[in-house]
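Atoms considered below: every heavy atom in the structure, side chains included; atoms not considered: hydrogens, waters and symmetry mates.
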Amino acid sequence: MRDIPVKVLRYLRVEPGSNAWQEALPLWEEAQTLAQTRTWQATLPVREFYQAFAPQAEQSADLTRTLSGCDRVELLAATIGEALEARGREYFSGGRPFAGFMLDRMGSFLAEAAMRGLHARVRARHAATGERVTRRYSPGYGDFSLEAQGHFQRLMGDSLPGLTLLPSFLFIPEKTVTAVCGVACAGHAG
């Protein structure tokens, strides 16, 4: 059995050597086995992005600042699928709330790690041509309305099978992250 990386322990707020750590060890292995990481990415010119994400994108002053000076927008999505969430629900209903909670937190960590990895790959690809990539910005963060998830769903189509958008604009599987980041041409001071 492999150990849990320190950054995961910090995220889980579990101390190495504690009882919680001992219980979390096999759950970490299970979480990695159950996670079915899939990602999606698309690029739109800024003008097309604002049209495709109307009216939510233009109503976000924070997003507009983030995309200032950019000529393209990268659309990013990452999910770990539904198996981990289903197993967590089984733990909760089976009287193992700690295991259900830990598996849920581990799923959140893995989904965010998948998004971080996707964003890092986008940044590296554009850095190779001297372009600047902004931080990522997700629907539901700051003043960028969660309703923008509907635009992601429409643009992704069937690219991430099994993804469903609820009327509340949350995705199922819940461990799904969407984001946008801007790309500025080489030499743009931004």
Side-chain angles (χ1 to χ4, degrees), residues 7-8 11 27-60 62-63 66-67 70 72-92 100-126 133-142 144-183:
K7 61 186 173 185
V8 177
Y11 184 82
L27 293 170
W28 177 240
E29 292 290 324
E30 186 173 15
Q32 292 177 92
T33 300
L34 291 171
Q36 301 161 349
T37 303
R38 293 172 294 154
T39 60
W40 172 84
Q41 175 192 350
T43 306
L44 292 175
V46 168
R47 179 174 289 193
E48 287 181 32
F49 166 75
Y50 278 106
Q51 290 169 349
F53 280 74
Q56 291 80 25
E58 59 213 17
Q59 291 173 346
S60 171
D62 293 339
L63 181 61
T66 298
L67 299 178
C70 295
R72 284 162 287 151
V73 177
E74 295 282 357
L75 311 176
L76 312 172
T79 185
I80 62 164
E82 59 191 37
L84 188 144
E85 289 176 18
R87 183 65 174 138
R89 286 190 298 273
E90 288 173 13
Y91 279 135
F92 276 113
F101 174 75
M102 279 288 115
L103 208 57
D104 181 75
R105 293 289 295 152
M106 290 171 182
S108 296
F109 179 88
L110 291 168
E112 177 60 25
M115 176 55 79
R116 263 192 246 109
L118 179 58
H119 188 231
R121 289 189 299 278
V122 165
R123 292 175 79 165
R125 180 170 43 90
H126 288 292
V133 175
T134 68
R135 67 184 175 102
R136 59 188 165 93
Y137 208 84
S138 293
Y141 182 78
F144 189 26
S145 173
L146 192 59
E147 292 178 18
Q149 299 272 64
H151 303 301
F152 271 101
Q153 182 190 39
R154 180 177 44 79
L155 292 167
M156 285 188 289
D158 292 332
S159 298
L160 294 177
L163 207 59
T164 304
L165 189 65
L166 298 174
S168 61
F169 297 102
L170 296 175
F171 277 112
I172 298 294
E174 293 174 14
K175 305 307 182 207
T176 300
V177 182
T178 59
V180 300
C181 59
V183 180

Anything under 30° is parallel, anything over 60° is perpendicular, the rest tilted; go ahead and classify W28 against F109.
perpendicular
Kindly assign one of parallel, tilted or perpendicular to the pair Y137 and F144, based on the angle between their ring planes and the thresholds 30° and 60°.
tilted
Check the surroundings of atom [atom1] in [X]: do more than 12 heavy atoms from other residues, nucleotides or ligands lie under 6.0 Å from it?
X	atom1	result
E85	CD	yes
F101	CZ	no
R135	CZ	yes

Interatomic distance, [X] atom [atom1] to [Y] atom [atom2] [nearest 0.5 angstrom]:
X	Y	atom1	atom2	value
H126	C181	NE2	SG	7.0 Å
T176	R38	OG1	CZ	8.0 Å
W40	M156	CH2	CE	6.0 Å
E112	H119	CD	NE2	11.0 Å

[X] (side chain) donor-acceptor with [Y] (main chain) under 3.5 angstrom:
X	Y	answer
R154	G150	no
H151	A52	yes
S138	T178	yes

Salt-bridge contact E82-R87 (side-chain N to carboxylate O under 4.0 Å)
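Looking at E82 and R87, the cut-off is not met.
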